[in-house]
Amino acid sequence: MHEISVLKQAVDLAEQTAMDNGVTRIAYITLEVGELTGYLPVFFHKYFPVVTENKPIFEGTELHIISDAGEALCKDCEAMYNVMRCEGVCPVCGSRRKEILGGQDFLLKEIGICPEGMNNE
Amino acid sequence: MANIKVIDVNVGVTAENDRLADAIRRRNLDNHTALFNMMASPGSGKTTLLLAIAETLREDFAIGVMEADIEATVDAEAMAAAGLRTMQVHTGGECAMDAAMTAKALDEFDGDDLDIIFLENVGNLVCPAEQDTGASRNVAILSIPEGDDKPLKYPLMFEICDAVIVSKIDTRMYFDFDDDAFRERVSELNPDCELFFLSAKTGEGVDAFCDWVKAQTLMVKKA
Ligand SMILES: Nc1nc2c(ncn2[C@@H]2O[C@H](COP(=O)(O)OP(=O)(O)OP(=O)(O)O)[C@@H](O)[C@H]2O)c(=O)[nH]1
Ligand SMILES: [Mg+2]
Ligand SMILES: [Zn+2]
């Protein structure tokens with residue numbers, strides 16, 4: 001459920017960026033979803049048609065999602081580990097003190113445009 | 001599909017929200033108004049606590065309360081009955097307030113003359129933490145019955161807060177809430193965060209939180 005409002009923001013951002021670039025039809029958008037954001041890609045796919053409804057620029061647009069792993073560096077023994085898989089605990093020394101190295105962001109990576117989807121000004 | 005062109009965007013999706021939130025913070029600084037974003041699960045005691053501290057705070061400050069809910073107006077009615085300037089914001093199904101909704105609510109509330117505005121956010125430990133509302137200070141409330149493990153399950157909420165309140169401490173004897181474990185979990189996520197233990201029912205610990213609100217308000221007003 002909480003995916004829907006951030007997906008709306010992503011779609012608005014893509015729409016604005018596309019219009020700023022004279023794009024009238026988007027072939028695909030790529031979102032990068034950090035593992036630690038708690039957003040589940042399956043819900044993005046489910047809500048995408050709902051959120052883009054009545055927006056002609058998104059007609060036939062595909063949603064691509066790439067995942068960014070939630071890696072951390074243990075502050076006590078300097079081991080690198082995956083936060084999700086290890087449930088936030090260093091598998092080497094058992095410490096919870098860590099520096100998160102990635103997986104917290106939610107980005108609009110790129111917008112793909114068909115050639116016929118450009119305004120020729 | 002071979003000749004598809006690509007625009008490299010690589011921008012955080014919340015960038016626009018963050019920009020709006022910063023604008024709200026600047027505007028509130030100009031108005032000498034401190035906006036406190038109160039976040040918690042449903043029923044953790046937000047409304048009861050706000051009613052308890054408003055009593056004391058209004059001796060020195062002009063206070064307003066914005067109640068954000070998906071539906072209903074009962075909390076706003078309780079605030080109004082206590083003589084507080086209040087406004088109900090309906091989020092229209094959204095699980096949290098974002099900066100655009102907050103900006104619109106602030107315009108309608110017309111509270112530029114207020115010293116303190118409390119925003120009682122939608123009851124939820126996940127979504128409110130993801131949306132910067134432009135508040136001057138973020139406060140999370142967790143009640144004793146919810147358990148000391150919540151920072152492990154909802155880390156973002158505890159990371160972004162300036163203060164965390166453990167409420168309903170009068171119910172301690174029925175639950176096994178471990179203060180030290182909780183303190184440690186919060187400080188791992190957010191070492192600078194202030195921690196308050198209080199009961200809005202008995203009044204225990206409420207003054208300390210009230211003093212913090214006053215100090216933060218004066219800080220905003222002097223900035
Ligand atoms: N024992 C005890 N009960 C409390 C305390 N604070 C609030 N309550 C009770 O907890 C229930 C919920 O309190 P509210 O203040 O309505 O909680 P809320 O967080 O505003 O709830 P929503 O806005 O519905 O999410 C009420 O029955 C309150 O009387 C407290 O310090 N101790
Ligand atoms: Mg309430
Ligand atoms: Zn380690």
Side-chain angles (χ1 to χ4, degrees), chain A residues 1-23 25-34 36-39 44 60 62 64 70 72 75-76 83 87-89 95-100 104-118, chain B residues 1-21 68 70 91-101 121-133 149-160 181-191:
Chain A
M1 170 65 198
H2 72 140
E3 279 81 2
I4 203 159
S5 52
V6 287
L7 182 62
K8 247 186 239 164
Q9 290 176 12
V11 163
D12 288 346
L13 177 63
E15 186 175 26
Q16 191 57 53
T17 310
M19 289 191 322
D20 292 347
N21 286 279
V23 175
R25 186 71 70 84
I26 298 174
Y28 69 85
I29 63 171
T30 305
L31 302 179
E32 182 181 295
V33 182
L36 302 179
T37 59
Y39 301 142
F44 287 132
E62 284 176 23
H64 298 178
K75 279 193 179 168
D76 288 306
V83 179
E87 296 182 348
V89 181
S95 168
R96 287 192 163 274
R97 299 185 345 112
K98 57 186 161 297
E99 186 187 339
I100 306 275
Q104 291 184 303
D105 294 332
F106 177 47
L107 305 176
L108 174 62
K109 287 296 278 187
E110 54 180 52
I111 301 175
I113 321 141
C114 320
E116 62 272 24
M118 291 293 292
Chain B
M1 298 287 272
N3 47 4
I4 279 186
K5 280 195 201 152
V6 174
I7 305 175
D8 253 308
V9 190
N10 224 9
V11 169
V13 168
T14 56
E16 173 62 16
N17 189 70
D18 296 347
R19 196 189 55 74
L20 254 174
I70 295 178
T91 58
E94 298 283 345
C95 46
M97 290 289 284
D98 63 18
M101 282 189 256
N121 213 320
V122 180
N124 177 333
L125 285 179
V126 181
C127 311
E130 291 165 355
Q131 303 288 342
D132 188 347
T133 58
D149 59 351
K150 292 303 161 290
L152 302 176
K153 296 185 178 174
Y154 306 98
L156 187 64
M157 178 57 78
F158 295 90
E159 268 166 37
I160 60 142
F182 183 76
R183 208 185 292 277
E184 198 171 311
R185 285 163 184 164
V186 172
S187 96
E188 266 167 23
L189 293 167
N190 187 349

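Below, chain A is the first sequence line, B the second, and so on; all start at residue 1.
Heavy atoms closer than 4.5 Å to chain A are found in the side chain of B:V126, but not in its backbone. Neither the backbone nor the side chain of B:E184 comes within less than 4.5 Å of any heavy atom in chain A. For A:L13, the part sitting under 4.5 Å from any heavy atom of chain B is the side chain, from C-beta outward, and nothing else. Residue contact with chain B, scored on non-hydrogen atoms closer than 4.5 Å, involves the side chain of A:K8 exclusively. For B:N124, no part lies near chain A; criterion is any non-hydrogen pair under 4.5 Å. Proximity to chain B is absent for every atom of A:T30, based on heavy atoms less than 4.5 angstrom apart. Looking at B:L189, there are no atoms closer than 4.5 Å to chain A (heavy atoms on both sides), in backbone or side chain. Using a 4.5 Å cut-off between heavy atoms, A:E87 makes no contact with chain B at all.
A:L108 pairs with exactly one of B:I7, B:V9, B:N10 by the side chain to side chain contact (heavy atoms under 4.5 Å, CB included) rule, that one being B:V9.
Two residues are said to be in side-chain contact when any heavy atoms from C-beta on lie closer than 4.5 Å; A:V6 and B:Q131 meet this criterion.
With sequence neighbours excluded, the residues forming a salt bridge (charged side-chain N to carboxylate O under 4.0 Å, His left out) with A:E32 are A:K109, listed by chain and number. Residues meeting the side-chain hydrogen bond (donor to acceptor under 3.5 Å, both in side chains) test with A:R96, sequence neighbours left out: none. For A:D105, there are no side-chain hydrogen bond (donor to acceptor under 3.5 Å, both in side chains) partners, not counting sequence neighbours.
If you tally non-hydrogen atom pairs under 4.5 Å between each of A:L36, A:I111, A:L7 and chain B, the highest count goes to A:I111.
At a heavy-atom cut-off of under 4.5 Å, chain A is reached by B:V11, B:G12, B:V13, B:T14, B:N17 from residues 11-20 of chain B, listed in order of number.
If you take NZ on B:K5 and CG on A:N21, they are separated by 10.5 Å, rounding to the nearest 0.5 Å.
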